[in-house]
Novice: 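Sharing a structure, written as structure tokens. Questions coming.
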Number of protein chains: 2
Amino acid sequence: MISNRLLETAVDHFGQRGFEGASTREIARESGTAMSSITYHFGGKEGLYLATAEHIAAQVRERAGPILDQVDATEVKDRATATELLLTVLDGFAGLMLSPETERWSRFIIREQQCPTEAFERLYEGVMRRVADTLIRLLGIARPDFDDRQIRGTAVGLFGQAMVLRAGRAAICRVLGRKDLDAESAQLLRASLRANALAILSETPR
Amino acid sequence: MISNRLLETAVDHFGQRGFEGASTREIARESGTAMSSITYHFGGKEGLYLATAEHIAAQVRERAGPILDQVDATEVKDRATATELLLTVLDGFAGLMLSPETERWSRFIIREQQCPTEAFERLYEGVMRRVADTLIRLLGIARPDFDDRQIRGTAVGLFGQAMVLRAGRAAICRVLGRKDLDAESAQLLRASLRANALAILSETPR
DNA sequence: GTCTATACTACGATAGAC
DNA sequence: GTCTATCGTAGTATAGAC
């Protein structure tokens with residue numbers, strides 16, 4: 001399917017060079033087709049861009065869905081269960097941030113976070129909202145002493161610790177003294193995230 | 001000074017549209033000069049890009065310097081002092097991430113983290129390395145039970161909680177149900193970050 | 001130092017053959 | 001559906017006037 005090849009190539013080009021920097025000619029050439037195919041399939045450059053956002057959302061959904069389904073299927077009544085599930089979700093998210101295939105997606109997503117367009121809407125509604133809702137629901141049970149605002153503020157911090165694994169990747173490599181994140185570094189970062197999250201979640205209400 | 005106006009305009013254009021997406025013509029026009037001024041002052045588009053990175057590093061250094069100087073001037077011997085200083089540095093960093101003026105810089109920096117070029121080198125050596133070193137030094141005192149790797153892994157998490165305030169801004173606004181981060185939201189996020197960090201730092205060694 | 005003028009390349013959109 | 005050809009616009013670099 002040529003339209004799928006175009007989308008895959010577009011993920012890389014838009015992610016690395018941005019909307020204005022990417023060239024439809026180049027995307028088409030690298031996909032082994034003519035530029036006018038983009039017009040035919042997506043109506044133009046902007047249509048391809050929006051379709052790329054939805055393509056990414058669908059792939060992230062596919063990867064994150066099972067674990068979220070598992071959480072939704074579990075009846076969570078006590079702090080311990082909520083904490084354990086929350087750690088699982090966070091670790092799954094960290095694993096996603098550390099897996100090589102998400103590098104291409106995250107470049108696109110992080111770009112959209114800085115200068116949101118209609119594409120961010122598709123990303124958020126397509127997958128991010130569900131992740132956020134799950135985090136917030138579990139956090140409300142794990143920290144019954146928090147009001148809704150505190151829950152959301154804390155969720156941002158937990159989320160940030162996983163997101164930085166992609167958003168701050170270049171700096172992390174420097175700090176760890178590695179050229180890339182090898183398996184040992186990945187394990188260290190996941191363990192640290194788990195320990196940090198556990199400390200945050202199990203803090204005794206004052 | 002026309003070269004300074006060019007740099008200021010370049011921060012916005014490169015940050016919002018990326019290296020390839022930005023136009024030297026437009027940058028020059030918005031700076032009130034001719035495009036060939038860029039050639040004269042910076043040798044071309046790429047020279048302007050690298051100079052922009054150094055310009056940003058210098059401005060961040062100016063903002064973060066005083067607080068780092070204060071830490072370096074303090075003799076830190078016990079966990080309590082290290083913890084308090086660490087919380088101060090983190091809150092200062094969060095304040096920076098929340099202040100409007102850093103929006104322009106952070107777009108550029110986050111872009112460089114995704115696809116690092118020579119410009120990232122200038123950013124890291126220009127300001128990031130010193131922040132990281134300070135965080136790691138304090139963390140080593142606040143958590144004497146950690147080895148060097150654990151310190152660095154934990155520092156990434158602490159850093160991430162502040163960085164997400166910029167890198168994940170669009171998503172945070174959704175989660176908090178705001179169009180922008182108002183003063184009340186900013187205060188909430190800083191308080192949550194402080195509470196999270198405190199939980200992480202004061203965890204009893206097992 | 002800053003400008004105008006120009007050379008050359010690449011862009012996105014579109015029309016029309018097949 | 002996919003291609004080629006072409007149009008108008010905009011990109012960077014550079015030479016040379018002032």
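Every chain is numbered from 1, with letters handed out A, B, ... down the list of sequences.
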Novice: Without placing hydrogens or testing angles, list every side-chain donor-acceptor pair under 3.5 Å for residues 191-200 of chain B, not counting sequence neighbours.
Specialist:
from: B:S192; atom 1: OG; to: B:L188; atom 2: O; distance (Å): 3.1
from: B:N196; atom 1: ND2; to: B:Q161; atom 2: OE1; distance (Å): 2.9

Novice: Calculate the interatomic distance between A:F14 atom CZ and C:dG12 atom C1'; express it in whole Å.
Specialist: 12 Å
Novice: Within a radius of less than 6.0 Å around CD of B:E26, do more than 12 heavy atoms belonging to other residues, nucleotides or ligands occur?
Specialist: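 Atom CD in B:E26 is packed in, count exceeds 12.
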Novice: Would you call A:L181 and A:L165 a side-chain contact if the rule is heavy atoms closer than 4.5 Å?
Specialist: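 Not in contact.
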Novice: Atom CZ of B:R5 to atom P of C:dT2: distance rounded to whole Å?
Specialist: 12 Å
Novice: In whole angstrom, what separates B:R29's CZ from D:dA10's C1'?
Specialist: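 From B:R29 CZ to D:dA10 C1': 12 Å.
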Novice: So does A:T33 get a side-chain nitrogen or oxygen closer than 4.0 Å to the phosphate oxygens (OP1/OP2) of D:dT2?
Specialist: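 False: A:T33 side-chain N/O out of range (4.0 Å or more) of D:dT2 OP1/OP2.
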Novice: Whether A:Y40 contacts D:dT2 is assessed here as follows: a side-chain N or O lying under 4.0 Å from the phosphate OP1 or OP2. Is that the case?
Specialist: no
Novice: Nearest whole angstrom, please: distance from the C1' of C:dA10 to the CZ of A:R17.
Specialist: 11 Å
Novice: What residues form a ring pair (Phe, Tyr, Trp, His ring centres under 6.0 Å) with B:F42, not counting sequence neighbours?
Specialist: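 B:F42 satisfies ring pair (Phe, Tyr, Trp, His ring centres under 6.0 Å) with no residue once adjacent residues are dropped.
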Novice: Return a single string for nucleotides 13-18 of chain D, one symbol per nucleotide in 5' to 3' order, where B is base contact, S is sugar-phosphate-only contact and - is none, cutoff 4.0 angstrom on heavy atoms.
Specialist: BB----
Novice: Could you state the atom-to-atom distance from CG of B:L6 to C1' of C:dC3 in whole Å?
Specialist: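 That distance rounds to 14 Å.
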Novice: Run the salt-bridge test on B:R149 and A:E184 with the 4.0 Å N-O cut-off and return the result as yes or no.
Specialist: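 Yes, B:R149 and A:E184 are salt-bridged.
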Novice: May I ask you to evaluate whether A:S37 reaches the phosphate of D:dT2, defined as a side-chain N or O under 4.0 Å from OP1 or OP2?
Specialist: no
Novice: Strictly below 4.0 Å, N to O, side chains only: are B:E121 and A:R174 in salt-bridge contact?
Specialist: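 Yes.
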Novice: Within this structure, what is the NE2-to-C1' distance between B:H13 and D:dG11, rounded to whole angstrom?
Specialist: 15 Å
Novice: Rounded to whole angstrom units, what separation is found between the CZ atom of B:F19 and the P atom of D:dG11?
Specialist: 14 Å
Novice: Can you tell which of C:dT4, D:dG11, C:dG1 lies closest to the side chain of B:A34?
Specialist: C:dT4
Novice: Could A:D148 and A:R152 be called an ion pair, given the rule that one side-chain N must be under 4.0 Å from one carboxylate O?
Specialist: yes
Novice: Tell me the interatomic distance from B:N4, atom CG, to C:dG1, atom P, rounded to whole angstroms.
Specialist: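 Going from B:N4 (CG) to C:dG1 (P), I get 15 Å.
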Novice: Taking any heavy-atom pair under 4.0 Å as a contact, classify B:A28: base, sugar-phosphate, or nothing.
Specialist: nothing
